[in-house]
Amino acid sequence: DKLDNYLSENVDVQKLIAQQINSYGYNYLISQKPPLYFNLTIDQLLAGKISEDDQDIHIDLWMEITAKITDVIQQFEPGIQPDFIWIDDLPHTHSLNVDIVLSYYGLSKLIMQSLNGADIGGKTFDIESIHIRNTNYMEITAIIREPVKGMVTITGQPYFDQSDHTIHVKDLKVDIEAKNILYKLSSPIIEKILYKKLDALFPYNVAPFFLKYFKNIPAFTFFENRVSLQPEIKSAHLNNVNFQEQQMIITIHLENAEMGVVLNAQ
């Protein structure tokens with residue numbers, strides 16, 4: 001009873017959760033180039049059995065959360081009223097699916113950042129703009145200044161293969177519409193070089209690419225920075241990719257997603 005009264009009077013758990021979510025789990029910028037925002041909601045807290053030793057009281061906690069990374073700022077406020085449940089046995093594995101919602105506008109900026117200045121077949125790429133649309137197939141149209149001044153159109157049908165957790169593409173085609181006669185003469189050569197480079201990328205595992213951004217997810221701090229919860233991820237693999245009309249949703253499965261507890265002595 002004394003412990004319960006003390007916690008009720010001195011520890012406002014709901015307020016602590018709300019502060020942390022608003023600070024670190026609501027449109028938290030984890031990357032500037034490309035801009036990526038981390039959003040988090042806590043669905044429920046599971047508590048195991050309480051134990052004690054000579055000095056401390058111990059309790060195991062397991063959080064069920066929904067996490068999402070987007071290239072667009074979210075306009076909704078996160079939910080901050082998780083259910084609290086007592087359980088006898090905590091699960092032995094700790095895994096989590098994270099959705100990465102990437103608009104085709106954001107994907108086009110990501111491609112421009114990757115290709116501008118890149119050397120492909122001894123040629124340096126200088127791209128003015130990229131437009132992506134997805135109907136029955138995906139079409140990427142790029143206006144380029146170098147190495148061929150004109151328009152490059154890349155078409156194909158990307159799909160996710162569950163057997164190897166990678167993205168494949170079929171019916172890949174590259175077409176260059178050059179602006180002048182000299183460029184038109186060399187465009188077939190550039191088309192072949194670009195096709196070979198693109199074809200060699202697939203099948204493509206996007207999980208390692210995004211894993212580096214997960215490491216930018218911040219630690220959650222409590223009690224005037226005396227306690228920190230630091231996200232830890234052991235490994236990740238691509239779980240699904242959904243190519244929609246205006247965006248693509250990449251689902252990354254994180255294995256052994258845990259929170260490391262750090263006590264800062266003061």
**Prompt:** Should Leu40 and Tyr28 be counted in the same cluster of Ile, Leu, Val, Met, Phe, Trp and Tyr side chains packed under 4.5 Å apart?
**Reply:** yes
**Fill in**
d(Asn27 CG, Ile73 CD1) to nearest 0.5 Å is 5.5 Å
**Request:** Quick one: closest heavy-atom pair of Leu29 and Tyr37, and the distance?
**Result:** CD1-CE2, 3.6 Å
**Separation between OH of Tyr26 and CZ of Phe38, rounded to the nearest 0.5 Å** = 14.5 Å
**Message:** Tell me whether Asn242 contacts the main-chain N or O of Ile249 through its side chain, where contact means a donor paired with an acceptor under 3.5 Å.
**Reply:** no
**Asked** Are Ile130 and Ile143 side-chain neighbours, meaning at least one heavy-atom pair lies under 4.5 Å?
**Response** no
**Asked** Do Thr41 and Ile65 have side-chain heavy atoms sitting under 4.5 Å apart?
**Response** no
**Message:** Just so I know, are the side chains of Phe210 and Ile250 near enough to count as touching, which here means a heavy-atom distance under 4.5 Å?
**Reply:** yes
**Message:** Donor-acceptor check, side chain of Asn134 to backbone of Gln244, threshold 3.5 angstrom: yes or no?
**Reply:** yes
**Message:** Quick one: does any side-chain atom of Asp71 pair with a main-chain N or O of Pro35 as donor and acceptor, under 3.5 Å?
**Reply:** no
**Asked** Within the side chain of Glu139, is there an N or O that forms a donor-acceptor pair under 3.5 Å with the backbone of Arg133?
**Response** no
**Asked** Does Ile30 reach the side chain of Ile69, with side-chain heavy atoms less than 4.5 Å apart?
**Response** yes
**Asked** Distance from Glu177 atom CD to Ile144 atom CD1, nearest 0.5 Å?
**Response** 11.5 Å
**Item:** Chi angles and distances behind the side-chain contact (heavy atoms from CB on, under 4.5 Å) call for Leu198, Ile154
**Value:** CA-CA 10 Å; Leu198 289 171; Ile154 301 168; 3.6 Å; yes
**Request:** Using atom types as modelled and distance alone, determine if a side-chain donor or acceptor of Asp161 lies under 3.5 Å from a backbone N or O of Thr166.
**Result:** no
**Asked** Picking from Met138, Met248, His168, Lys170, what satisfies side chain to side chain contact (heavy atoms under 4.5 Å, CB included) with Pro158?
**Response** Met138
**Message:** Between Asp175 and Thr153, is the side-chain hydrogen bond (donor to acceptor under 3.5 Å, both in side chains) condition met? List the steps.
**Reply:** CA-CA 5 Å; Asp175 180 70; Thr153 303; 5.0 Å; no
**Prompt:** If Ile, Leu, Val, Met, Phe, Trp and Tyr residues are connected whenever their side-chain heavy atoms lie under 4.5 Å apart, and connections chain through other members, are Val206 and Leu102 in the same group?
**Reply:** yes
**Asked** For Ile127 and Arg145, what are the C-alpha separation, side-chain angles and deciding distance, and is it a side-chain contact (heavy atoms from CB on, under 4.5 Å)?
**Response** CA-CA 6 Å; Ile127 303 173; Arg145 291 181 282 257; over 6 Å; no
**Prompt:** Taking the side chain from Gln157 and the backbone from Asn136, do they hold a donor-acceptor pair closer than 3.5 Å?
**Reply:** yes
**Fill in**
Correct closest heavy-atom pair for Asn205 and His165 would be OD1-O, 3.8 Å
**Side-chain heavy-atom pair Ile252, Leu238 within 4.5 angstrom cut-off** = yes
**Test item: Tyr104 side-chain N/O and Glu245 main-chain N/O as donor-acceptor pair under 3.5 Å** = no
**Item:** Minimum heavy-atom distance Asp43-Thr66, with the two atoms named
**Value:** OD2-OG1, 2.8 Å
**Asked** Is there side-chain contact between Phe209 and Tyr204, with at least one heavy-atom pair below 4.5 Å?
**Response** yes
**Heavy-atom closest contact (Leu254 atom, Ala236 atom, distance)** = CD2-CB, 3.6 Å
**Asked** When clusters are formed by joining ILVMFWY residues with side-chain heavy atoms under 4.5 Å apart, either directly or through shared neighbours, do Phe243 and Ile100 land in the same one?
**Response** yes
**Message:** Quick check: is Val241 connected to Leu107 through a chain of hydrophobic side chains (ILVMFWY, heavy atoms under 4.5 Å apart)?
**Reply:** yes
**Asked** How long is the gap from CG on Asn240 to CG on Asp99, to the nearest 0.5 Å?
**Response** 9.0 Å
**Request:** Check Ile167 against Phe202 and note the closest heavy-atom contact, atom names and distance.
**Result:** O-CD2, 3.4 Å
**Request:** List the steps and the verdict of side-chain contact (heavy atoms from CB on, under 4.5 Å) for Lys49 and Asp88.
**Result:** CA-CA 6 Å; Lys49 297 177 180 178; Asp88 291 330; 4.2 Å; yes
**Request:** Looking only at non-hydrogen atoms, find the nearest pair between Gln247 and Val101 and report the distance.
**Result:** OE1-CG1, 3.3 Å
**Request:** Apply side-chain contact (heavy atoms from CB on, under 4.5 Å) to Asp126 and Thr124, showing your working.
**Result:** CA-CA 7 Å; Asp126 181 10; Thr124 301; over 6 Å; no
**Prompt:** Could you give the distance from OH (Tyr137) to CG (Leu172), rounded to the nearest 0.5 Å?
**Reply:** 13.5 Å
**Item:** 4.5 Å side-chain heavy-atom contact, Ile87 and Ile85
**Value:** yes
**Request:** Answer yes or no: is there a side-chain heavy-atom contact under 4.5 Å between Asn97 and Asn239?
**Result:** yes
**Single-linkage hydrophobic cluster, 4.5 Å side-chain cutoff, Tyr159 and Leu201 together** = no
**Request:** Hey, could you give me the CD/CE distance between Glu128 and Met112, rounded to the nearest 0.5 Å?
**Result:** 8.0 Å
